Amino acid sequence: MRHFDNIDSGREHPEELDYQTWARDFKTRLAELLNTWQGHVGHAAGLLLRSLREKAHQWWYFLDHPDIPPDNNLAERSLRLAVTKRKVSGGSRSMSRFELRSCTILN
């Protein structure tokens, strides 16, 4: 059996498992996979695996708090217009213009 064969088993029958059980099982299975692969991968992949394991509470925070989206698209979309304007205008050349634009973005 391959390591990833059962990764979506909780999603096949969502009525059989409540969300909290699914999330807990997902994190448990993921931790097992990370431990299995640690030491069998290259340096860069090992760094990622270590980060996923050591910072799991940060990486998977949205699983424990379903009201929080798993991405930050809303925050990025809210800044997109300001970033585009800054690029077109050549940036903020003075501190007063920077402060003015920062206040506009935040409001």
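The shown structure was predicted, so the numbers you read here are calculated from the model rather than taken from an experiment.
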Exercise. Can you check whether Pro66 reaches Tyr19 side chain to side chain, under 4.5 Å on heavy atoms?
Worked result: yes

Exercise. Would you say Glu32 and Asn35 make side-chain contact, with heavy atoms under 4.5 Å?
Worked result: no

Problem set entry | Separation of Leu48 CG from Arg53 CZ (nearest 0.5 Å) | 11.0 Å

For this session: State the CG-CD distance between Asp25 and Gln20, to the nearest 0.5 angstrom.
Result: 11.0 Å

Problem set entry | Taking every non-hydrogen atom, the tightest pair across Trp22 and Leu63 | CZ3-CD2, 3.8 Å

Exercise. Side chains of Leu30 and Trp60: does their closest heavy-atom pair fall under 4.5 Å?
Worked result: yes

Problem set entry | Side-chain touch Asp64/Lys27, heavy atoms, less than 4.5 angstrom | yes

Exercise. Roughly how far, to the nearest 0.5 Å, is NE2 of His40 from CG of Leu49?
Worked result: 10.5 Å

Problem set entry | Side chains of Thr21 and Asp18, donor plus acceptor under 3.5 Å | yes

For this session: Mind checking the CG-CD spacing from Asp71 to Glu76? Nearest 0.5 Å is all I need.
Result: 8.0 Å

Exercise. Less than 6.0 Å separating the ring centroids of His57 and Tyr61?
Worked result: no

Problem set entry | From CD (Gln38) to CG (Leu33), nearest 0.5 Å | 12.5 Å

For this session: Say whether, by atom type as modelled, one donor and one acceptor occur between the side chain of Ser51 and the main chain of Leu47 under 3.5 angstrom.
Result: no

